[in-house]
Structures are given as structure tokens and as C-alpha cells.
2 protein chains.
Amino acid sequence: MPYFRTQNDDHPYSPPKPLYEQVKSYVLKNMESGEWPAYFQLPSEHTLVREMGISRMTIHRALRELTQAGYLERIQGVGTFVAAPKKQPKKIELREIDDIIRSHGARHQCDVHFLQVEPIEPDAAAMMAMTAGEEVYRSYFVHRENGLPVMVEDRYVHPKFMPEYIETDFADTTADTHISKKFTQLSHSHVIQAAVSNAEINHFLELETTTACIVINRKSWLGDEIVSVARLVLPGNRIQLT
Amino acid sequence: MPYFRTQNDDHPYSPPKPLYEQVKSYVLKNMESGEWPAYFQLPSEHTLVREMGISRMTIHRALRELTQAGYLERIQGVGTFVAAPKKQPKKIELREIDDIIRSHGARHQCDVHFLQVEPIEPDAAAMMAMTAGEEVYRSYFVHRENGLPVMVEDRYVHPKFMPEYIETDFADTTADTHISKKFTQLSHSHVIQAAVSNAEINHFLELETTTACIVINRKSWLGDEIVSVARLVLPGNRIQLT
DNA sequence: GAGTGGTCTAGACCACTCC
DNA sequence: GAGTGGTCTAGACCACTCC
């Protein structure tokens, strides 16, 4: 009856898995084999306690963890069910530019074209949820990979949240890293577009002809307040996102 | 002494939070206030049991869940510590094109330009981990938002995994949705680039001039085997990723 | 040996659902 | 009222670390 509590005799020195892990494996195995398909009602905790000879708290922990992981759904007073198949969202991670460059085995370098206080213009004010003419910090960086420009970063920062921003030395750090270090609770939203380069971008990226670029608009939020907005422009022929 | 077990007198009808949730809140509150900074060693379970008048299993559950969530780190025989601040990765979700279009309140439509068996060409073979000349399924779709073309989808599918692919009716579903339904364990990798449209893309997207486009290369994996590779081309002036 | 966290038990009381 | 899952306890044994 206690067919659990298995020792692994092939590897006598490996410690046995905890009972709750064995229960989790047992449930997952039944799901994978098709024995317990989607929407199937599992045996009750009480039944599993009897059948497996394991105490209810241990059974409960296993089922709770599988529920937290999305494999099961539990309804008090009703029962435990195999969760409906959920299509996992296709996500990509937007890594920091210096990370990307270093992962190429290349040298990252950042030119600070300006870092100043200015009255915010109406369209930027709308993005920052500020009123036109208010003072805002603005920075304009060009990031280079082994000397070759690969990204323009045009950024607005709300002085309320980061009064020290315009006095920061960005030789060793990037603006994103700096902001993320200060606010660990930061969240981000992004809009990604493609556009051809204009004269300004051609100049700063040292492009000779009009070039297709990836344009990322990144807003950084602290709760429902906007800390910073950045427009990142990457030439499509020099760099890609993975 | 049992300063926990608080009833919320302002909302007398709301049930009190479970004790383990109260312990979690207590720990998080101390972390947020700066009382317990990063790397701080928390009181031991035994101490918390004494101080809070709550049983060890309940204390343990609270600390375990905070550990799983990344707030704490625990070392057996040593203690419990506030985790080092972790910068959360900046992720974006690549939603299905029909989802995006429908979220605009628009009508999605898909033209099937071809859906056929062909001998795979060398460069596509390399992407699919097949050998040149092997038979592969290839489809070429144009997705439209209220009639306007917004995405070209040029896709290779491995016949071994999806023998039924070329007989599928893509009037009601998209290839991605179809593949994801069949294989719930699918994982994906993406490369995103910007490029200007060529004559082929101009034709299928009904573009009159050369246009900057987002190009997404999506590989779909089942374990370490490639099921499908798709090249998605989206005109930058008609659609964006959020 | 003292202190830490990791696991497990047998039992309890409860809210909830279904009949 | 019977059955379900949600929580909580008091106690136990253990592996591990540090001295």
C-alpha cells in the first residue's frame, strides 16, 4: 500500500525526494500519460490520503503547489481538477543595450550628447503625464559597440523621482540600470515600431543612407506614476533583438 | 502578545486574512519600511513562533512562499535572509496577429497564397535543422486588418510533427494557434529586426513605396527539435507591437 | 552541542457545495 | 448531512552549519 516512499536503488547515495514532491510527480505523470485529462476531477485529498498512506497536510501541500503552478484548479466544497490547457504567451526579453553588446564579446561605450534641464514640450508632456513648460530632465545618449553606433537613447526623466539624475556619471552605468537600481519596484511598458531613419538619426548613428530602424518607446512606471520615458532607435542593419 | 489575529473592524464583514498571509504581510512591511534591508537576517522560525504566538508550520509556510516568490533566501542550518534586490527583466509579449487585430475592434482575415509541399532550400534547411532537398511544408499567408494587409507570414513546418498541416483549413484559425493547440509544450525563440520592404513584400502588403518593416523570425521548438519556423513581416507604418 | 531550516504526522475546526 | 478543500496546531525527526 505505501507504494510511495521509494528508495532509488540505482543511486543508493541520492537522498529520496520528499513525499510532497513524490505526490507532485505522481499527479503530473497521470496528467502527461493522458490518464487524467483536462477538466478531470482528481481523487479527493481524503482519498489520496487513504490510497497513498500519506498524511493530509503533505497531500495538500503537493496539490497546492501544483495549483499555484497552474496545473490544477481547486474549488472549495467541490473538488480538484486538471486545469484547462493554457497556451503559454510568447514573450521576448528586452535586454539592456550594454548587456547585449557585452554578450557579443564587444566593448560598450556611451556618448553623452546632453544631460540637461529643459521645459517640457507638449507632446513629451503628454507622454510623461506632465504639463507643457514644466521642468524636466532630458538626456541624449549614443551607445557604441566597439566604436560603431548601435543605439540612440533619447530620454525624459521626472525630476520629482530622480533629482540627482542630471548629476549622474553615465560612464560606468546606463540610465536604465541606474533607474532600476534606485527603484526596484519599477514596471515597464513598451511600444515597438519600425521606421526609416531621418537626418538626426543618420547623424548620430553615423549612417550614410536612410536605414530601417527599430524604434522602442519605453515607459517606466512606479505604481501608476511615470518616472521616465525613453525612445530607443536601433539601426536594423547593425543590431537585432533576440 | 498575539498582536496578530487582527480583525478588521472597519469592514466587519470581510473575513480576516489567514495567519500565514498576515505573517507574509508583516515580513514584507518590514522589508518595505527599510527595517529589514537586503541581506538582513530574519528572526529564526523558532523566534517568530515565540514572538507572534503562531505555530511553526504556519510561520514556515509564510516564509517558504516568500522564498518561492524571490523575496527571501533560506539556507538550512544558517538562517533566513532578505534577498538581494533583483532587477526584473523587461519583457514584452508577442501576441498573435489575430488577437492584436481583434483588440483594435477590427476584422481579421487571412489570405492563403500557397500551402504546399516543396523540397527545402539550403538556407531554410539550416534554420529547420533539415537537409537540403528534404520535403517540407511551406505556407504563405497575408493577414489583413479590415482589408488592409498588415502582416506577411512565410512559414516552414516539419512534416514529421504535423503531417496534417497542408490539409488544414486556415479560414478560422491561424497557423500559430493551430500548432500551439496540437503541442501544448511548445517553446519559442525570436529574433526581431528592422528592414525595408523589397518588391515581394511591397506586392503582398500592397505598399506603394519602400517601407520600414518589423521582421520577426520565430522558431517553435518541441524540446530540442524544431517544429516550425516563420518569418513575419509587419509594415512599420500600419502596425506596432505593445 | 546548540541553533537553523525541511519535512511529516494526526488531529482539529472551518467555509463551502451539493443534495 | 456528507463531502470537499483551507487553515492551523503541537509535536516529532531530520540534515545541515557553526563553534
Side-chain angles (χ1 to χ4, degrees), chain A residues 1-8 12-27 36 39-83, chain B residues 1-8 12-27 36 39-83:
Chain A
M1 182 211 301
Y3 56 90
F4 270 78
R5 303 167 194 274
T6 54
Q7 278 285 355
N8 189 337
Y13 292 95
S14 73
K17 281 206 302 185
L19 284 178
Y20 72 90
E21 286 291 353
Q22 294 182 39
V23 176
K24 286 167 76 170
S25 299
Y26 170 74
V27 172
W36 293 355
Y39 311 110
F40 177 83
Q41 178 166 6
L42 270 65
S44 72
E45 295 190 348
H46 181 67
T47 305
L48 289 171
V49 165
R50 259 191 294 106
E51 290 182 353
M52 303 180 67
I54 293 175
S55 82
R56 183 166 166 238
M57 277 300 277
T58 301
I59 297 284
H60 181 77
R61 174 172 174 180
L63 299 182
R64 173 156 43 81
E65 291 186 359
L66 289 176
T67 303
Q68 285 168 344
Y71 292 104
L72 301 178
E73 288 190 11
R74 316 196 76 187
I75 307 172
Q76 200 179 72
V78 181
T80 303
F81 303 85
V82 176
Chain B
M1 183 211 299
Y3 55 91
F4 269 77
R5 303 167 195 276
T6 52
Q7 278 284 356
N8 189 336
Y13 292 96
S14 71
K17 281 207 299 185
L19 285 179
Y20 72 90
E21 286 291 352
Q22 293 182 40
V23 176
K24 287 169 76 172
S25 299
Y26 170 73
V27 172
W36 294 355
Y39 310 108
F40 177 83
Q41 179 167 6
L42 270 65
S44 72
E45 295 191 347
H46 181 68
T47 306
L48 289 170
V49 165
R50 257 190 294 107
E51 288 182 354
M52 303 179 67
I54 292 175
S55 81
R56 183 164 165 240
M57 277 299 278
T58 300
I59 298 283
H60 181 78
R61 172 172 177 181
L63 298 183
R64 173 157 41 81
E65 291 187 357
L66 289 175
T67 304
Q68 284 167 345
Y71 291 105
L72 302 177
E73 288 190 12
R74 317 197 75 186
I75 307 172
Q76 199 180 74
V78 181
T80 303
F81 303 85
V82 175

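The structure displayed is predicted, hence computed values, not measured ones. Chain naming here is simple, since letters A, B, ... match the order of the sequence lines and numbering starts at 1 in each. FYI, side chains are in, hydrogens and waters are out, and symmetry mates aren't considered; it's all heavy atoms of this structure.
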For this session: Once you apply the 3.5 Å cut-off to both distances, tell me the Watson-Crick or G-U wobble partner of dT17(C), or none.
Result: dA2(D)
Exercise. Got M52(B) and Q22(B) here, is their nearest side-chain heavy-atom distance under 4.5 Å?
Worked result: no
For this session: Rounded off to whole Å, could you give me the NZ-to-P distance for the K24(B) and dC8(D) pair?
Result: 12 Å
Exercise. Taking only side-chain nitrogens and oxygens of R61(A), does any of them come within less than 4.0 Å of OP1 or OP2 of dC8(C)?
Worked result: no
Seminar exercise, completed: Rounded to whole Å, CG of L48(B) lies from C1' of dT4(C) at a distance of 13 Å
For this session: Please step through side-chain contact (heavy atoms from CB on, under 4.5 Å) for the pair K17(B) and K24(B), ending with a clear verdict.
Result: CA-CA 11 Å; K17(B) 281 207 299 185; K24(B) 287 169 76 172; over 6 Å; no
Exercise. Just wondering, more than 12 heavy atoms not from Y71(B) lying within 6.0 Å of its OH?
Worked result: no
Problem set entry | Close side-chain approach of V27(B) and L66(B), heavy atoms under 4.5 Å | yes
Exercise. Does CD belonging to E73(B) count more than 12 external heavy atoms closer than 6.0 Å?
Worked result: no
Exercise. So, is S44(A) close to the dG3(D) phosphate, meaning a side-chain N or O under 4.0 Å from OP1 or OP2?
Worked result: no
Exercise. Does the side chain of V23(B) reach to within under 4.5 Å of the side chain of L48(B), using non-hydrogen atoms?
Worked result: no
Exercise. Between NE2 of H60(B) and CD of E45(B), what distance do you get to the nearest 0.5 Å?
Worked result: 5.5 Å
Would you tabulate the nitrogen or oxygen pairs shorter than 3.5 Å linking the protein to nucleotides 11-13 of chain C?
unit_1: dA12(C); atom_1: N6; unit_2: R56(A); atom_2: NH1; d: 3.2

Problem set entry | Listed nucleotide nearest any side-chain atom of S55(A), set dG6(D), dA10(C), dG5(C) | dA10(C)
Exercise. Paired with dT7(D): which nucleotide, if any, by Watson-Crick or G-U wobble criteria at under 3.5 Å for both distances?
Worked result: dA12(C)
Seminar exercise, completed: Tightest non-hydrogen contact, residues F81(A) and L42(A), listed as C-CD1, 4.2 Å
Problem set entry | Between C1' of dG5(D) and CG of L42(A), the distance in whole Å | 13 Å
Seminar exercise, completed: Here the distance between atom C1' of dC8(D) and atom NZ of K17(B), to the nearest Å, is 17 Å
Exercise. Within the pair H60(B) and dG5(C), is there a side-chain N or O less than 4.0 Å away from OP1 or OP2?
Worked result: no
For this session: Go through residues 73-82 of chain A and report each residue with a non-hydrogen atom lying under 4.0 Å from DNA chain D, sorted by number.
Result: R74(A), I75(A), Q76(A), G77(A), V78(A), G79(A), T80(A)
Exercise. Between L72(B) (CG) and dG6(C) (P), how many Å, whole number?
Worked result: 11 Å
Problem set entry | d(CG, L66(A); P, dG6(D)) in whole Å | 13 Å
Exercise. How many Å lie between CE on M52(A) and P on dT9(C), as a whole number?
Worked result: 11 Å
Problem set entry | Any Y20(A) side-chain N or O less than 4.0 Å from OP1/OP2 of dC8(C) | no
Exercise. CZ of R50(B) versus P of dT9(D): gap in Å, rounded?
Worked result: 16 Å
For this session: Kindly compute the distance separating CZ (R50(A)) from CZ (R56(A)), expressed to the nearest 0.5 Å.
Result: 13.5 Å
For this session: Could you tell me whether F40(B) atom CZ has more than 12 heavy atoms of other residues or ligands within 6.0 Å of it?
Result: yes
Problem set entry | Closest listed nucleotide, where the reference is the side chain of L19(A) and the choices are dT9(D), dT9(C), dG5(C) | dT9(C)
